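Hydrogens, waters and symmetry mates are skipped; everything else that's a heavy atom, side chains included, is used. Just so it is clear, the structure is predicted and the values come from calculations on it, not from any experiment. Residue numbers start at 1 and run along the sequence shown.
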Amino acid sequence: MALRCVMAVSSPCSPATDAVVRKVFFSKTLSQSHRTFTFPLYSTNRSSTARIARLRCFSSALTPQLKNTLDKVVTSNKVVLFMKGTKDFPQCGFSNTVVQILNSLNVPFETINILENEMLRMGLKEYSNWPTFPQLYIEGEFFGGCDITVEAYKNGELQELLEKAMCS
């Protein structure tokens with residue numbers, strides 16, 4: 001899991017402050033994800049008051065291995081739906097709606113249950129740059145979530161795109 005950090009300090013850091021930040025970061029955040037730590041930082045000037053710094057550590061769930069796996073999954077199937085539950089037992093109303101639309105169009109599609117793997121769920125949000133599920137992929141391209149799929153179904157765009165995908 002990759003880590004990236006953001007530090008906000010209320011005043012410029014001195015070299016001593018930077019050392020404190022590095023020490024706190026490495027000792028307290030390597031095993032944490034999406035946490036904010038607030039701690040006092042003191043300047044080298046004794047007359048100044050304590051300043052507060054926030055260190056925010058973000059973990060990236062989209063590892064290179066997961067990205068490669070997702071690339072293979074979405075390109076090896078014409079239609080893939082990442083959803084909560086399965087096509088036979090959707091565990092979310094939005095996922096169920098997209099499944100019903102695809103079933104009504106008699107389109108063969110694969111489903112991946114994102115509830116079975118937390119890293120997959122978090123990584124997929126980064127992969128697609130889309131925060132919610134379900135996520136529909138057609139011919140290796142992210143199409144959209146439930147609202148976009150419903151709208152495209154109502155205006156005929158989804159049927160047209162799926163027909164092209166099935167013929168290629």
Side-chain angles (χ1 to χ4, degrees), residues 1-8 24-39 53-168:
M1 185 178 302
L3 293 174
R4 61 180 189 237
C5 292
V6 176
M7 182 180 66
V24 171
F25 168 70
F26 286 114
S27 65
K28 295 194 177 184
T29 64
L30 288 178
S31 64
Q32 304 294 322
S33 65
H34 295 86
R35 303 276 172 110
T36 300
F37 296 94
T38 303
F39 51 92
R54 286 200 177 118
L55 179 65
R56 178 108 190 212
C57 187
F58 300 93
S59 62
S60 175
L62 187 61
T63 63
Q65 297 87 351
L66 180 56
K67 184 183 180 316
N68 289 339
T69 300
L70 290 171
D71 286 340
K72 288 177 186 173
V73 169
V74 300
T75 57
S76 64
N77 299 285
K78 292 190 184 258
V79 181
V80 180
L81 181 63
F82 292 92
M83 61 179 285
K84 294 178 180 179
T86 64
K87 66 171 91 174
D88 295 325
F89 188 63
Q91 295 183 0
C92 157
F94 300 111
S95 294
N96 184 50
T97 298
V98 176
V99 167
Q100 295 306 316
I101 288 171
L102 294 174
N103 283 337
S104 74
L105 296 173
N106 293 318
V107 174
F109 63 100
E110 295 297 320
T111 60
I112 309 289
N113 184 357
I114 55 105
L115 295 176
E116 293 178 346
N117 186 317
E118 176 71 21
M119 289 300 293
L120 171 64
R121 185 165 58 249
M122 299 307 294
L124 195 55
K125 289 177 182 184
E126 290 179 50
Y127 182 79
S128 63
N129 199 25
W130 193 260
T132 60
F133 293 97
Q135 293 183 8
L136 180 62
Y137 287 77
I138 301 172
E139 288 195 303
E141 296 292 321
F142 176 65
F143 181 76
C146 182
D147 292 342
I148 290 171
T149 303
V150 168
E151 183 62 32
Y153 176 71
K154 286 179 180 177
N155 68 27
E157 179 186 342
L158 181 62
Q159 295 86 322
E160 185 179 312
L161 184 61
L162 289 170
E163 284 177 20
K164 287 180 187 175
M166 294 301 121
C167 292
S168 65

(request) List the atom of Thr149, the atom of Gly144, and the distance in Å for their closest heavy-atom pair. (result) OG1-O, 4.1 Å

(message) Just verifying a value: how many Å separate Ile114 CD1 and Cys92 SG, rounded to the nearest 0.5 Å?
(response) 8.5 Å

(message) Is any side-chain heavy atom of Leu120 closer than 4.5 Å to one of Leu70?
(response) yes

(request) With Lys67 as reference, evaluate Thr63, Thr69, Asp71 under the side chain to side chain donor-acceptor pair (under 3.5 Å) test and give the passing residue. (result) Asp71

Tabulate below the donor-acceptor pairs under 3.5 Å that side-chain atoms of residues 132-139 make, not counting sequence neighbours, or state none.
from   : atom 1 : to     : atom 2 : distance (Å)
Thr132 : OG1    : Trp130 : NE1    : 3.2
Gln135 : OE1    : Ser128 : OG     : 3.0
Gln135 : NE2    : Ser128 : OG     : 3.2
Gln135 : NE2    : Trp130 : O      : 3.1
Gln135 : NE2    : Thr132 : O      : 3.2
Glu139 : OE2    : Ser168 : OG     : 2.4

(message) For a quick test of reading the model, state the closest non-hydrogen atom pair linking Lys125 to Pro131 and the distance between them.
(response) CE-O, 3.3 Å

(request) Ignoring hydrogens and angles, tell me if any N or O in the side chain of Asn77 forms a donor-acceptor pair with the backbone of Val80 under 3.5 Å. (result) no

Under 3.5 Å, which donor-acceptor pairs do the side chains of residues 151-164 form with other protein atoms, sequence neighbours left out?
from   : atom 1 : to     : atom 2 : distance (Å)
Asn155 : OD1    : Glu157 : N      : 2.9
Asn155 : ND2    : Glu151 : O      : 3.4
Gln159 : NE2    : Tyr153 : O      : 3.2

(message) Is it true that, when you exclude Glu141 itself, more than 12 heavy atoms of the residues, nucleotides or ligands shown sit nearer than 6.0 Å to its CD?
(response) no

(message) Quick check: closest heavy atoms across Gly123 and Ala61, and the distance to 0.1 Å?
(response) N-CB, 3.5 Å

Can you give me every donor-acceptor pair (side chain of residues 81-90, partner residue at least two apart or in another chain, under 3.5 Å) with its distance?
from  : atom 1 : to     : atom 2 : distance (Å)
Thr86 : OG1    : Asp88  : N      : 3.4
Thr86 : OG1    : Phe89  : N      : 2.9
Lys87 : NZ     : Phe109 : O      : 2.5

(request) Assess whether atom CZ of Phe142 is packed by more than 12 heavy atoms of other residues, nucleotides or ligands within 6.0 Å. (result) yes

